[in-house]
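Accompanying notes for the structure given below.
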Amino acid sequence: MRSSAASDVYKRQVRKATATSTMNSFLVLFACALVLVQCQSTKYYQGGIAYDPSLLPLDAKCVVGKLGFDFMAVRVQYIELEKRVIDTILAANSVNLPVDILFNPCAAKPSFYSLVPWCASVDDQIGTFVRWLHGNQTQINRFWIDIDFNAGEWFISDPAKNLKFLEDALASLHALNIPTGIRANEFYWNYVFDTKVLSPTVPLWVINHALTSANITDWDRFGGFQTALVQDWSEFGSRPCNRAWDGAVSTVKTP
């Protein structure tokens, strides 16, 4: 039989152990709640960028059936009014696959390797391309201005002029009632626009070829953007459905 003093010590130990157990249980539950919140996977939609346009209807069926794409995008240059681009878009349209345009514009005089010696006005570039798309009965989902200094032509060391061109391009597309967006990353943005910022309401597609998991929150912020609608995911090692693809993920089915 315990003495009174020993009993008091025992009771304190029991109370302490109970409290510790209760706190540990709470912490475990809290940690589990955090894990559940973190692990509740955001629904991502898989897409791909066709770097080799001229998709055939059979290839488009493969893209939907085999690859499970929810959307696709076609990269085009400002002077690329080629039948293969139209064929690719129409093939995607034929299987109800939403297709976006990644448009490389020309803000400054093209470099020596370009096929034209000058840049048309932004309205002419956008207007000519859109009229060409509409004239061929194509349906596009969104028109992304692709900020890639290896593909587009920009003023060197003049971010203010580059930003003005970009804003004019977006305004031209808005006037034509075409959904728009920007495709870029921190490196390309800083190269072309330095520290200039754009309205964060403009949809963003993040270029990130090193990404190995579908997590659209994992990117370096730039240009005033805080959220991304689409992000590059991974490159396909082979040529599924007879085409070279870069993968992409989106938080919405039709970005």
Side-chain angles (χ1 to χ4, degrees), residues 47-61 63-64 69 71-111 113-154 162 164-184 192 202-203 205 207 229-230 241-246 248 250 254-255:
I49 304 170
Y51 280 93
D52 180 19
S54 66
L55 199 68
L56 302 175
L58 187 62
D59 299 329
K61 289 180 180 179
V63 166
V64 175
F69 280 3
F71 66 95
M72 65 169 285
V74 181
R75 288 191 71 179
V76 294
Q77 293 273 19
Y78 54 92
I79 54 172
E80 199 170 32
L81 305 183
E82 299 182 6
K83 184 177 183 299
R84 64 195 182 101
V85 174
I86 293 297
D87 290 343
T88 296
I89 298 172
L90 289 175
N93 292 163
S94 71
V95 293
N96 297 315
L97 180 65
V99 57
D100 291 359
I101 297 295
L102 303 182
F103 186 74
N104 297 132
C106 176
K109 182 179 179 180
S111 55
Y113 60 81
S114 177
L115 298 180
V116 295
W118 64 86
C119 296
S121 70
V122 63
D123 286 340
D124 282 345
Q125 290 182 55
I126 298 294
T128 298
F129 197 83
V130 170
R131 285 192 297 273
W132 178 66
L133 292 176
H134 288 170
N136 283 278
Q137 308 300 311
T138 61
Q139 300 293 322
I140 62 170
N141 182 61
R142 188 174 295 275
F143 202 106
W144 302 87
I145 302 297
D146 203 358
I147 311 301
D148 179 350
F149 63 81
N150 290 320
E153 308 290 348
W154 300 95
N162 289 331
K164 178 63 166 58
F165 179 91
L166 176 60
E167 291 172 337
D168 288 346
L170 293 173
S172 181
L173 288 164
H174 289 158
L176 295 169
N177 296 314
I178 296 176
T180 61
I182 302 296
R183 181 173 182 265
V192 176
V202 177
W205 180 323
I207 302 172
L229 187 66
V230 187
C241 302
N242 303 314
R243 293 292 173 269
W245 299 94
D246 271 2
S250 171
T254 53

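The analysis underlying the following values was restricted to heavy atoms, covering all of them including side chains, and did not include hydrogens, waters or symmetry mates. Keep in mind it's a predicted model, so treat the numbers as computed, not measured.
What you find for A107 and W154 is that their closest heavy atoms are CB-CE3, 3.7 Å. Minimum interatomic distance between S94 and A91 (heavy atoms only, all atoms of both residues): OG-O, 2.5 Å. In this structure, P179 and N141 approach most closely via the heavy-atom pair CG-O, 3.5 Å. The minimum heavy-atom distance linking A92 with M72 is given by the pair CB-SD, 3.8 Å.
In this structure, V192 and L166 have side chains that are not in contact, with every pair of non-hydrogen atoms separated by 4.5 Å or more. Between W144 and P203 there is a side-chain heavy-atom pair separated by less than 4.5 Å. With contacts defined as side-chain heavy-atom distances shorter than 4.5 Å, the pair T128/W132 does not qualify. At least one side-chain heavy atom of I86 sits under 4.5 Å from a side-chain heavy atom of T138. The side-chain heavy atoms of I140 and V130, taken from C-beta on, include no pair separated by under 4.5 Å. Contact annotation: the side chain of I182 approaches that of L170 to within less than 4.5 Å [non-hydrogen atoms, C-beta and beyond].
Rounding to the nearest 0.5 Å places CG of D168 at 11.0 Å from CG of L173. With rounding to the nearest 0.5 Å, the separation of CD1 in I145 from CD1 in I101 is 11.0 Å. Interatomic distance, CZ of F71 versus CD1 of I49, reported as 8.0 Å (0.5 Å rounding). Atoms CG and CG, from N96 and N93 in turn, are 8.5 Å apart once rounded to the nearest 0.5 Å. With rounding to the nearest 0.5 angstrom, the NE2 atom of H174 is 11.0 Å from the CD1 atom of I126. Atom OG1 of T88 and atom CG of D59 lie 9.0 Å apart (nearest 0.5 Å).
The pair D100-R142 fails the salt-bridge criterion, with no side-chain N (NZ, NE, NH1 or NH2) lying under 4.0 Å from an Asp/Glu carboxylate O.
For the pair S172 (side chain) and A169 (backbone), a donor-acceptor distance under 3.5 Å is absent.
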(request) Determine, step by step, whether D146 and I207 satisfy the side-chain contact (heavy atoms from CB on, under 4.5 Å) criterion, reporting the C-alpha distance in whole Å, the side-chain angles of both residues, the deciding distance to 0.1 Å, and the verdict. (result) CA-CA 9 Å; D146 203 358; I207 302 172; 4.1 Å; yes
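The aromatic rings of F143 and F103 sit tilted, their planes meeting at an angle between 30° and 60°.
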